[in-house]
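Everything below concerns the one structure shown next.
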Protein chains: 2
Amino acid sequence: METAGSTRMTYPYDVFDDRCPTRMMLDRLADKWALLVLDRLDGGPVRFNRLRRDVRGISQKVLSQTLKRLERDGLVDRTVHPTVPVSVEYALTPLGRTLTETVAAFAHWAEHNMEAVLTAQAAYDAAAAG
Amino acid sequence: METAGSTRMTYPYDVFDDRCPTRMMLDRLADKWALLVLDRLDGGPVRFNRLRRDVRGISQKVLSQTLKRLERDGLVDRTVHPTVPVSVEYALTPLGRTLTETVAAFAHWAEHNMEAVLTAQAAYDAAAAG
DNA sequence: CAGCATCCGCTCGGATACTG
DNA sequence: CAGTATCCGAGCGGATGCTG
């Protein structure tokens, strides 16, 4: 409970305020790749190339960037195993684990309501055309 | 019903497959502005300029685009009131309402765990610098 | 009030090549 | 295997001006 350094008092965080740090956080989480990686890590530690293969469509560069950001944010833990060749495991931190339930909820929502969305899109497009 | 790990093969849809429609859906939802708009609409119907003011930092163009996409996806309903001048209300559809709980969970997570994230970032940066 | 049209900078992200 | 480095095209999104 240090008061020195970054003195942010019991200041009410608000995502609707564009100057609030939570807005930046939302920007980070509102990322397709980050969500997929977090969701994939929910099953347990995963190695880099395995992650690359499982999250289909992600490039090596973007996966690397995404993991680095998640690690910096304290959501993901990076462990290097000194084997030959080196293997690196990525896992959720306790903090990251507090988030995956919400992330999974998103993925499940998409999977469960895809039909309804596709139907709505078709209806919208038909109305616009006719 | 596999025993090891969490399996999710109940539905044909799979967000990890880049050719699956849900991937497109995730891409839509994984948008800062869309999430904020949906969260704001959770309180009830809101007019355009009110939305523009409340979701701080959003531009008129982006708000317009976002609302149109959400409407097309069947998540938001657009109602024009023939007053002078015209007023337009945006509200969640029943489908959209099934999503807001998850969206709100995201916002709340950010607001509750911001301190931890900022601390993690500071530690990461300090380690990188030293 | 609630938009659309246009210009354009800037970042995201894909492709490719190389390293420990 | 697990990355880093670089190039570069596409598009997101901000600023501005105009309309019913």
### Contact interval (first through last nucleotide) of DNA chain C with protein chain B, 4.0 Å heavy-atom
dC1(C) to dC7(C)
Closest heavy-atom pair and its distance - [X], [Y]:
X        : Y        : answer
Leu29(A) : Leu99(A) : CD2-CD2, 3.6 Å
Ile58(B) : Arg52(B) : O-NH1, 3.3 Å
Arg28(A) : Ala34(A) : O-CB, 4.0 Å

### Query
Passes salt bridge (Lys or Arg N to Asp or Glu O under 4.0 Å), Arg69(B) versus Asp73(B)? Steps please.
CA-CA 6 Å; Arg69(B) 274 200 289 257; Asp73(B) 293 339; over 6 Å; no
### Message
Within residues 72-79 of chain B, which residues have any heavy atom lying less than 4.0 Å from an atom of DNA chain C?
### Response
Arg78(B)
### Message
In whole Å, I'd like the distance from the OH atom of Tyr90(A) to the P atom of dC1(D).
### Response
14 Å
#### Entry: Short side-chain to backbone donor-acceptor contact, Thr22(A) and Glu111(B), under 3.5 Å
no
### Message
Just to be sure I understand the rule, does Arg52(B) reach a base, reach only the sugar-phosphate, or reach nothing, if contact means heavy atoms closer than 4.0 Å?
### Response
nothing
#### Entry: Sequence neighbours excluded, every pair satisfying side-chain hydrogen bond (donor to acceptor under 3.5 Å, both in side chains) that has a member inside residues 57-67 of chain B
none
### Query
Listed by chain and number, what are the side chain to side chain contact (heavy atoms under 4.5 Å, CB included) partners of Thr98(A), not counting sequence neighbours?
Leu95(A), Trp109(B), Asn113(B)
### Heavy-atom protein contacts under 4.0 Å, nucleotides 11-20 of chain D, coded B base, S sugar-phosphate only, - none
--BBB-----
### Message
Test salt bridge (Lys or Arg N to Asp or Glu O under 4.0 Å) on Arg72(A) and Asp125(B); report intermediate values, then the result.
### Response
CA-CA 8 Å; Arg72(A) 178 171 182 266; Asp125(B) 293 346; 2.7 Å; yes
Rounded to the nearest 0.5 Å, what's the gap from [atom1] on [X] to [atom2] on [Y]? Could you check?
X         : Y         : atom1 : atom2 : result
His112(A) : Glu115(A) : NE2   : CD    : 11.5 Å
Arg47(B)  : Ser87(B)  : CZ    : OG    : 5.0 Å
Asp39(A)  : Thr102(A) : CG    : OG1   : 11.0 Å

### Query
Are the side chains of Val117(B) and Met25(A) in touch, meaning some heavy atoms are under 4.5 Å apart?
yes
### Message
For Tyr90(B) and Glu71(B), which I'm curious about, is there any donor-acceptor pair between the side chains at under 3.5 Å?
### Response
no
### Query
Of Lys68(B) and Arg53(B), whose nearest nucleotide on DNA chain C comes first from the 5' end?
Arg53(B)
### Task
Please report how far the helix from dC1(C)-dG20(D) to dG20(C)-dC1(D) bends, comparing the axis fitted to its first five pairs with the axis fitted to its last five, to the nearest 10 degrees.
50°
